[in-house]
Amino acid sequence: MSREMDKPLISLHLVDSDTSLAKVPDEAPKVGILGSGDFARSLATRLVSSGFKVVVGSRNPKRTAGLFPSAAQVTFQEEAVSSPEIIFVAVFREHYSSLCSLSDQLTGKILVDVSNPTEQEHLQHRESNAEYLASLFPTCTVVKAFNVISAWTLQAGPRDGNRQVPICSDQSEAKRAVSEMAIAMGFMPVDMGSLASAREMEAMPLRLLPAWKVPTLLALGLFICFYAYNFVRDVLQPYVQESKNKFFKLPVSVVNTTLPCVAYVLLSLVYLPGVLAATLQLRRGTKYHRFPDWLDHWLQHRKQIGLLSFFCAALHALYSFCLPLRRSHRYDLVNLAVKQVLANKSHLWVEEEVWRMEIYLSLGVLALGTLSLLAVTSLPSIANSLNWREFSFVQYVATSSGGKMGSGSGIPEFQSQDPHLPDQTSVLGSRSFCCSLVSVSTPYGHREDLSWTR
């Protein structure tokens with residue numbers, strides 16, 4: 001199967017229906033694209049709609065011209081690289097060598113590498129695709145950018161995807177030029193440093209939820225342990241000692257008993273690292289020593305652990321609502337009614353059990369609501385709409401009420417202005433003191449500083 005798609009990602013009539021893509025002013029900056037694949041077509045669509053004049057270089061321009069916007073000029077590669085100063089290289093690594101015949105025409109130009117290796121290729125090659133491209137064209141300036149943006153995001157716009165575009169290069173002027181172009185296209189450039197960071201950038205699309213791996217394994221391990229314990233206690237022990245077959249409890253009842261146990265332990269693991277960090281800094285008597293690596297990683301995973309705790313609590317609520325729907329529960333009700341008739345009891349009412357269940361359900365609903373509020377406010381889109389005082393108020397009230405209900409709920413994760421540097425707050429001792437653990441970026445990695453306010 002050919003690696004170049006013959007059909008565009010979005011129908012051509014959608015592209016042509018946009019009048020902004022039909023005509024580009026002559027004074028618009030000219031940008032070149034080498035390649036006619038799916039990403040090249042999406043990139044040309046976004047550039048044309050952003051006001052750039054696009055020249056596409058293809059080995060077969062007659063066959064691929066109909067796949068691009070009408071405002072884009074599709075020609076041979078030699079003609080496409082003659083006038084633009086910035087040229088996007090949208091071909092695979094194995095085809096870089098076929099561009100060496102254009103080395104004289106590419107002298108002094110900026111080449112933007114948008115390629116991504118497969119996982120096998122990433123492990124096979126020590127140098128990144130961008131560094132390999134730079135070695136083939138030493139007279140050009142290579143910039144690594146737009147490799148984490150999907151073709152759909154380019155065509156539909158940044159509203160349907162991540163707005164951040166990591167950019168790296170050895171020349172600051174080239175990075176500035178590509179950054180300005182990214183801003184004009186509606187994206188947010190992020191300076192990743194020199195071209196040596198290209199290998200790390202190319203590994204980003206290969207990762208699958210890296211921040212969730214350890215918390216998910218932790219939650220899964222806790223679930224297995226508690227499930228095994230509840231199985232032995234509620235199913236296996238009655239079967240061995242009393243010959244009662246209660247294996248029907250495995251799908252719903254045992255799972256429902258296990259979920260709140262996992263939620264409680266995960267929730268305690270959210271608060272515990274903050275207490276340990278504060279205790280460690282108080283013992284050292286300084287806030288300028290970085291935390292141990294294990295504690296640093298624990299602090300960084302608190303948000304994921306808290307959200308998994310909320311997930312388990314929500315599942316527990318759903319399972320609890322399903323308990324009366326079970327056939328076994330209906331049989332228990334019938335058996336209880338028969339026993340009541342045989343015992344000649346016309347009214348069965350235990351006041352203590354009634355009040356206990358009413359209070360239990362009420363506090364459970366309030367705890368789940370509190371945990372839901374904290375989970376929602378931990379989302380960046382919600383947290384960014386609140387100022388620091390509003391966010392702190394929501395977190396403090398929710399965690400305080402959760403503690404008074406005896407249910408323990410909350411995700412004490414404060415978002416700083418920098419999305420890569422989470423801030424945490426914990427309360428130690430008197431309510432009049434607040435111990436803020438502020439994340440600081442250092443040359444040696446992530447560090448949490450301690451400051452006291454009254």
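Sequence positions, counted from 1, serve as the residue numbers for this chain. Because only heavy atoms are used, hydrogens play no part in the values below, and waters and symmetry mates are left out as well, while side chains stay in.
Atom OG of S58 is separated from atom CD1 of I33 by 11.5 Å, given to the nearest 0.5 angstrom. Residue L269 holds its CG atom at 6.0 Å from CG of L218, rounded to the nearest 0.5 Å. Here NE2 of H289 is found 6.5 Å from CZ of R284. Values are rounded to the nearest 0.5 Å. Here Y319 contributes atom OH and S253 contributes atom OG; the two are 11.5 Å apart, rounded to the nearest 0.5 Å. The OG atom of S169 sits 8.0 Å away from the CD1 atom of I110 when rounded to the nearest 0.5 Å. Here the OG1 atom belonging to T45 is positioned 10.5 Å from the CG atom belonging to L67, to the nearest 0.5 angstrom.
Residue L307 comes nearest to A375 through the heavy atom pair CD2-CB, 4.0 Å, listed as atom of the first residue, atom of the second, then distance. The minimum heavy-atom distance between L267 and S309, with the atom names listed, is CB-OG, 3.7 Å. Heavy atoms only, all atoms of each residue included: S103 and T107 are closest at O-OG1, 3.1 Å. The shortest non-hydrogen separation linking E121 to P117 is OE1-CA, 3.5 Å.
Residues passing the ring pair (Phe, Tyr, Trp, His ring centres under 6.0 Å) test with Y227, sequence neighbours excluded: F223. By the side-chain contact (heavy atoms from CB on, under 4.5 Å) test, R199 pairs with H122, S128, sequence neighbours left out. Residues satisfying the ring pair (Phe, Tyr, Trp, His ring centres under 6.0 Å) criterion with Y229, sequence neighbours excluded, are absent altogether. For F146, the ring pair (Phe, Tyr, Trp, His ring centres under 6.0 Å) partners two or more places apart in sequence, or in a different chain, are F88. Annotation: side-chain contact (heavy atoms from CB on, under 4.5 Å) contacts of K109 (sequence neighbours excluded): E85, I87, L106. By the side-chain hydrogen bond (donor to acceptor under 3.5 Å, both in side chains) test, S115 is found to be paired with Y96, D113, N129, residues two or more places apart in sequence or in another chain being considered. With sequence neighbours left out, the side-chain hydrogen bond (donor to acceptor under 3.5 Å, both in side chains) criterion links S82 to no other residue. Partners of P215 under the side-chain contact (heavy atoms from CB on, under 4.5 Å) rule, at least two apart in sequence or in another chain, are H301, Q304, I305, L308. Under the salt bridge (Lys or Arg N to Asp or Glu O under 4.0 Å) criterion, D104 pairs with no residue at all, not counting sequence neighbours.
At least one side-chain heavy atom of L280 sits less than 4.5 Å from a side-chain heavy atom of L295. R46 is not listed as a side-chain neighbour of Q155, based on a closest heavy-atom distance of 4.5 Å or more. Counting only heavy atoms from C-beta outward, the side chains of F247 and F231 approach each other to under 4.5 Å. Proximity of D296 to Q300: side-chain heavy atoms (C-beta onward) are separated by under 4.5 Å at one or more points. In this structure, the side chains of F310 and S372 come closer than 4.5 Å at one or more pairs of heavy atoms. Residues Q77 and L99 have side chains in contact (heavy-atom distance under 4.5 Å, counting atoms from C-beta outward). Looking only at side-chain heavy atoms (C-beta outward), P166 and M204 come within less than 4.5 Å of each other. When side chains are defined from C-beta on, W298 counts as touching L272, because their heavy atoms get closer than 4.5 Å.
The salt bridge (Lys or Arg N to Asp or Glu O under 4.0 Å) contacts involving residues 122-142 comprise R93-E127, where partners must be two or more places apart or lie in separate chains. Residue pairs meeting the side-chain hydrogen bond (donor to acceptor under 3.5 Å, both in side chains) criterion with at least one member in residues 213-226, sequence neighbours excluded, do not occur.
Remark: side-chain polar atoms of T141 are not paired, donor with acceptor, to backbone N or O of A174 under 3.5 angstrom. Between the side chain of Q105 and the backbone N or O of E78, at least one donor-acceptor pair lies under 3.5 Å. Side chain of H316 to main chain of L259: no donor-acceptor pair is present (N/O by atom type, distance under 3.5 Å, no hydrogens or angles). With hydrogens and angles ignored, the 3.5 Å screen pairs a side-chain donor or acceptor of N147 with a backbone N or O of M201. Between the side chain of R41 and the backbone N or O of F68, no donor-acceptor pair lies under 3.5 Å. Put simply, the side chain of H297 gets close to the backbone of D293: a donor and an acceptor are under 3.5 Å apart. Within the 3.5 Å criterion, the main-chain N or O of L323 finds a donor-acceptor partner in the side chain of R326.
Atom CZ of F76 has 12 or fewer heavy atoms from other residues, nucleotides or ligands within 6.0 Å. Counting heavy-atom neighbours within 6.0 Å of E119 CD, excluding the residue itself, gives a total of 12 or less.
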Task: Working for side chain to side chain contact (heavy atoms under 4.5 Å, CB included), residues I149 and V165 - done: CA-CA 7 Å; I149 302 297; V165 176; 3.9 Å; yes

Open item on the list: If you apply the rule side chain to side chain contact (heavy atoms under 4.5 Å, CB included), what do you find for L111 with V143, and how did you get there?
Closed with: CA-CA 6 Å; L111 301 182; V143 178; over 6 Å; no

Just list the side-chain donor-acceptor pairs under 3.5 Å for residues 180-198, sequence neighbours left out, or say none.
unit_1, atom_1, unit_2, atom_2, d
E180, OE2, R176, NH1, 2.8
D191, OD1, K175, NZ, 3.0
D191, OD1, G193, N, 2.9
D191, OD2, K175, NZ, 3.3
S197, OG, M192, O, 2.9

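A side-chain N or O of N230 and one of T258 form a donor-acceptor pair less than 3.5 Å apart.
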